Amino acid sequence: MSDILEGLNEQQKEGVITTEGPVLLLAGAGSGKTRVLTHRVAYLLEQGVAPYHIMAITFTNKAAGEMRERINHMIGFGAESIWVATFHSTCVRILRRYIDRLGYDTNFTIYDSDDQKTLMKDVCKYLEIDTKIHKEKMFLNVISSAKDELISPEEFTNRALGDYNKTRQAQVYREYQARLKANNALDFDDLIRLAVELLKNDPEVLDYYRNRFQYIMVDEYQDTNTAQFELVRLLASGRENLCVVGDDDQSIYKFRGANIYNILNFEHHYPEAKVIKLEQNYRSTQNILNAANEVIANNEGRKKKTLWTANDAGDKIRFEQFESAYEEAQFIASNIRTRVMREGYHYNDCAVLYRTNAQSRMLEEKMVHDNIPYKIVGGVNFYARREVKDILAYLKVVDNEVDDIAVRRIINVPKRGIGAASLNKVTLFAAANEMSFYDALTKAGEIPSLGRAAKKIEPFVQLISDAREHLANGSIAGLFEYIIDVTGYVEDLQLEGTDEAKGRIENIDELRNKIIAFETEHEDATLRSFLEEVSLVADIDSLDENSDYVVLMTLHAAKGLEFPNVYLAGMEDGLFPSFMSITADDSDQEIEEERRLAYVGITRAKEHLTITAAKMRMVRGDMQYSAVSRFVQEIPSELIDGVVYTPKKKFDVGYDAGGYGSSTGYGSSTGYGSSSGYGSSAGYSGSAGSAGLFGSAAYGQGGFSLKGKKTQAQKYQAKNFGTKIEKKGLDYAVGDRVSHVKFGEGEVTAINDGGRDYEVTVDFDRVGVKKMFASFAKLKKC
DNA sequence: GGTTTGAAACTTTTT
DNA sequence: GTTTCAAACC
């Protein structure tokens with residue numbers, strides 16, 4: 001027996017050597033599943049399987065990258081021809097090669113959710129749908145779910161017969177799909193769906209790939225949706241050497257179409273499947289693991305398994321409830337400080353996890369304040385930022401001019417004086433002549449209604465064709481510089497000179513770096529391959545374990561990661577589990593999904609787990625008062641260091657009748673101050689003193705700005721009044737002589753009350769008459 | 001055609 | 001509290 005199996009436990013060994021036939025590897029958190037997968041690959045190679053025939057699919061580029069690295073490390077030569085990729089990039093690679101068989105062009109563009117929204121807006125406008133009643137987002141959700149379930153526009157239409165609303169949705173779906181095709185674009189869901197369609201309908205393609213992928217492994221199988229399952233099923237058909245790895249307790253992407261039954265019913269799909277459970281946890285202390293087990297045990301409908309560990313009991317779980325989110329953040333920051341300063345941990349040993357991205361703001365402020373290096377994962381994707389998308393849109397148009405969304409994005413960025421009226425005329429012309437928007441632009445001179453506006457369009461068309469020429473005899477980086485140069489994009493931002501503009505310039509610089517890095521790493525880099533990579537990256541992919549910073553991210557983003565010190569912030573009912581899940585029609589199911597999320601959070605911790613909650617917190621501008629999360633209460637008190645108040649009543653009474661926090665809600669109706677610790681909002685705000693005081697003291701504008709970010713109030717202040725807001729009386733009057741820093745001395749000829757400020761007219765000796773606002777001019781009486 | 005302003009939506013999670 | 005989008009204004 002080879003040394004490949006050395007150091008593995010019995011179950012892991014079984015997972016490695018059971019190479020033939022379907023295998024379900026139920027891998028609890030921290031049970032070493034990646035280890036099994038990489039050893040399995042090594043084992044396959046040792047058995048004489050060609051690397052070319054092995055495939056491993058993951059969800060994120062980060063996971064794929066890690067697996068690739070570990071495989072390389074273990075195997076070395078030959079490993080590069082093993083197919084390790086995400087679902088989406090796998091499908092892109094298949095489609096780039098064969099999508100022409102489905103009537104698409106192989107140089108298709110990939111639309112992100114932003115592009116989808118823009119496209120949907122156009123569709124709704126065209127179909128005269130009142131988006132006040134039917135939201136674009138709703139249609140996109142409907143379509144996305146349909147695609148996840150492999151329902152084509154035609155089938156959707158058939159199923160909708162007799163139902164007015166559904167028929168309308170079908171109409172939108174058809175139009176949306178038609179436009180995608182006309183733009184030569186695919187959305188994320190199309191990537192999977194069309195790959196499946198191709199494999200289903202084209203025996204030649206199917207044969208090619210299933211012969212190529214003779215041994216298939218799928219990571220995070222609990223997160224696959226119906227389309228992804230179908231893809232895997234097709235590829236594995238025939239040999240059925242399919243090994244899926246997952247943990248039903250960590251299924252947290254139902255909202256994105258993940259079908260938990262893919263894993264729960266795996267044995268049903270493949271009756272001969274071998275099921276192997278990995279239950280030994282190598283990651284966490286006994287106490288942390290026990291807590292996780294106790295919490296998840298409250299879920300029904302799961303594959304029963306109990307994680308155990310040979311690790312020490314470790315510290316108890318620390319729980320702290322604070323008056324406010326402000327104090328909570330303060331505590332977390334100072335606690336991290338202590339860990340680093342006194343206990344020898346590094347910043348990157350610490351992670352703060354929360355339910356919603358909105359919670360990151362307060363935490364970020366405290367990190368800045370305490371000088372703690374940090375990185376926020378999630379929120380706005382780098383490639384979704386306006387300036388980045390603008391530049392990318394130029395690149396996209398150079399690559400695929402049929403992409404109307406990209407063309408429209410940049411046609412008037414920077415301003416070329418081409419307005420909505422002109423664009424409408426071009427659109428009409430394009431529709432009448434059945435050509436793309438861009439083609440219509442190239443024929444602007446032939447559109448009579450345009451008149452003089454045609455002259456404004458010509459330079460744009462010229463720019464694109466010049467840029468294309470530029471690319472032909474240069475690099476992507478060269479093209480990038482060219483575009484920055486001729487559009488004056490960065491120049492304009494420099495002139496703006498605001499902190500915000502500086503931030504945007506930094507992002508553009510960052511984009512430049514990414515392009516250069518891409519070209520350095522890939523010898524055969526093309527514009528298309530760059531754009532493709534860019535459209536398939538997730539924020540989590542940018543996480544670098546070697547950099548010493550604290551990571552702030554959502555619980556969803558944390559899946560698959562581990563840290564010695566984990567902070568679970570905002571553990572409050574209504575926030576986590578979310579208000580939506582508590583009030584949903586299928587609340588039981590939704591709460592179970594939230595509980596799985598809690599389980600994911602707890603099991604990220606290796607050594608220390610700190611759970612925090614706040615009694616009150618600002619949500620959407622107003623105060624919300626919350627009880628400690630039910631999930632915290634599901635942890636046995638002997639595992640906890642800290643006091644968790646238990647409610648007198650069960651939660652299932654609250655939330656519905658008079659709304660959140662009304663006196664009909666949970667807890668005692670006498671409100672805050674009762675020993676239960678649960679207050680109705682009416683009760684709490686009765687003690688207005690503390691809340692009011694706190695509000696002004698803690699949430700004031702603060703003396704620092706966040707990496708160029710400013711609050712709206714600060715921006716307003718900066719823009720209109722410099723540093724002072726109050727309108728002060730003037731110590732000079734008409735006829736007085738005053739002096740100005742730049743213009744020198746002059747005589748005041750008029751003073752007008754302009755509302756918030758005075759408008760002063762001065763006749764300067766050197767430069768003549770100037771009008772200015774008093775608070776800006778800072779005139780001094782001579 | 002461009003800019004400013006106020007109202008309304010948003011916040012559960014995202015490849 | 002912040003962002004987005006349209007109407008009103010320049």
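As a basis for the values below, the full set of heavy atoms in this structure was taken, side chains included, without hydrogen atoms, waters or symmetry mates. Remember, it's a predicted structure, so these values are computed and weren't measured experimentally. Below, chain A is the first sequence line, B the second, and so on; all start at residue 1.
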**Q** Roughly how many Å is it from CD in Glu364(A) to C1' in dG1(C), rounded to a whole number?
**A**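 Taking atom C1' of dG1(C) as the reference, CD of Glu364(A) is at 15 Å.
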
**Q** Sequence neighbours left out, what passes side chain to side chain contact (heavy atoms under 4.5 Å, CB included) with Leu423(A)? Give chain and number order.
**A**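 Result, side chain to side chain contact (heavy atoms under 4.5 Å, CB included) vs Leu423(A): Ile411(A), Ile418(A), Phe437(A).
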
**Q** C1' atom, dA6(C) versus dT11(B): distance in rounded Å?
**A**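 Those two atoms are separated by 23 Å.
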
**Q** Atom OH of Tyr326(A) to atom C1' of dG1(C): distance rounded to whole Å?
**A**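 Checked: the OH to C1' distance equals 17 Å.
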
**Q** Just to verify, what does Phe87(A) make a ring pair (Phe, Tyr, Trp, His ring centres under 6.0 Å) with, not counting sequence neighbours?
**A**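 Testing Phe87(A) for ring pair (Phe, Tyr, Trp, His ring centres under 6.0 Å), a comparison that skips the adjacent residues, returns Phe59(A).
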
**Q** Go through the structure and list residues passing side chain to side chain contact (heavy atoms under 4.5 Å, CB included) with Asp148(A), not counting sequence neighbours.
**A**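 Expected list: Ser144(A), Asp189(A), Asn225(A).
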
**Q** Determine yes or no for a side-chain-to-main-chain donor-acceptor pair under 3.5 angstrom, with Glu328(A) supplying the side chain and Ala569(A) the backbone.
**A**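 No, because the side chain of Glu328(A) does not come within donor-acceptor range (under 3.5 Å) of the backbone of Ala569(A).
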
**Q** Answer yes or no: is there an ion pair linking Lys455(A) with Glu458(A), defined by an N-O contact shorter than 4.0 Å?
**A**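 Yes, this pair counts.
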
**Q** Between dC5(C) and Lys121(A), is there an OP1 or OP2 to side-chain N/O distance shorter than 4.0 Å?
**A**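 So the side chain of Lys121(A) is within the cut-off, an N or O lying under 4.0 Å from OP1 or OP2 of dC5(C).
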
**Q** If you measure only the distance, is there a donor-acceptor pair under 3.5 Å linking the side chains of Asn262(A) and Tyr221(A)?
**A**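 Per modelled atom types, Asn262(A) and Tyr221(A) side chains form no pair under 3.5 Å.
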
**Q** Taking salt bridge (Lys or Arg N to Asp or Glu O under 4.0 Å) as the definition, give me every residue that meets it alongside Glu197(A), ordered by chain and number, with sequence neighbours left out.
**A**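 Glu197(A) satisfies salt bridge (Lys or Arg N to Asp or Glu O under 4.0 Å) with no residue once adjacent residues are dropped.
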
**Q** Which is true for Lys117(A) with a 4.0 Å heavy-atom rule: it touches a base, it touches only sugar-phosphate, or it touches nothing?
**A**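 Lys117(A): no heavy atom of the nucleic acid under 4.0 Å.
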
**Q** Using atom C1' of each nucleotide, how far apart are dT12(B) and dC5(C) to the nearest Å?
**A**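 It works out to 24 Å between them.
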
**Q** Let's see if you get this right: which residues in residues 409-418 of chain A place a heavy atom under 4.0 Å from DNA chain B?
**A**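 When residues 409-418 of chain A is checked for heavy atoms under 4.0 Å from DNA chain B, the hits, listed by number, are Asn412(A), Lys415(A), Gly417(A).
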
**Q** Asp573(A) side chain to Arg630(A) main-chain N or O, any donor-acceptor pair under 3.5 Å?
**A**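 Yes, the answer is positive, given that a donor and an acceptor are paired below the 3.5 Å cut-off.
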
**Q** If the sugar-phosphate is the primed atoms plus P, OP1 and OP2 and the base is the rest, what is the B/S/- string for nucleotides 8-15 of chain B, using protein heavy atoms under 4.0 Å?
**A** --BSBBBB

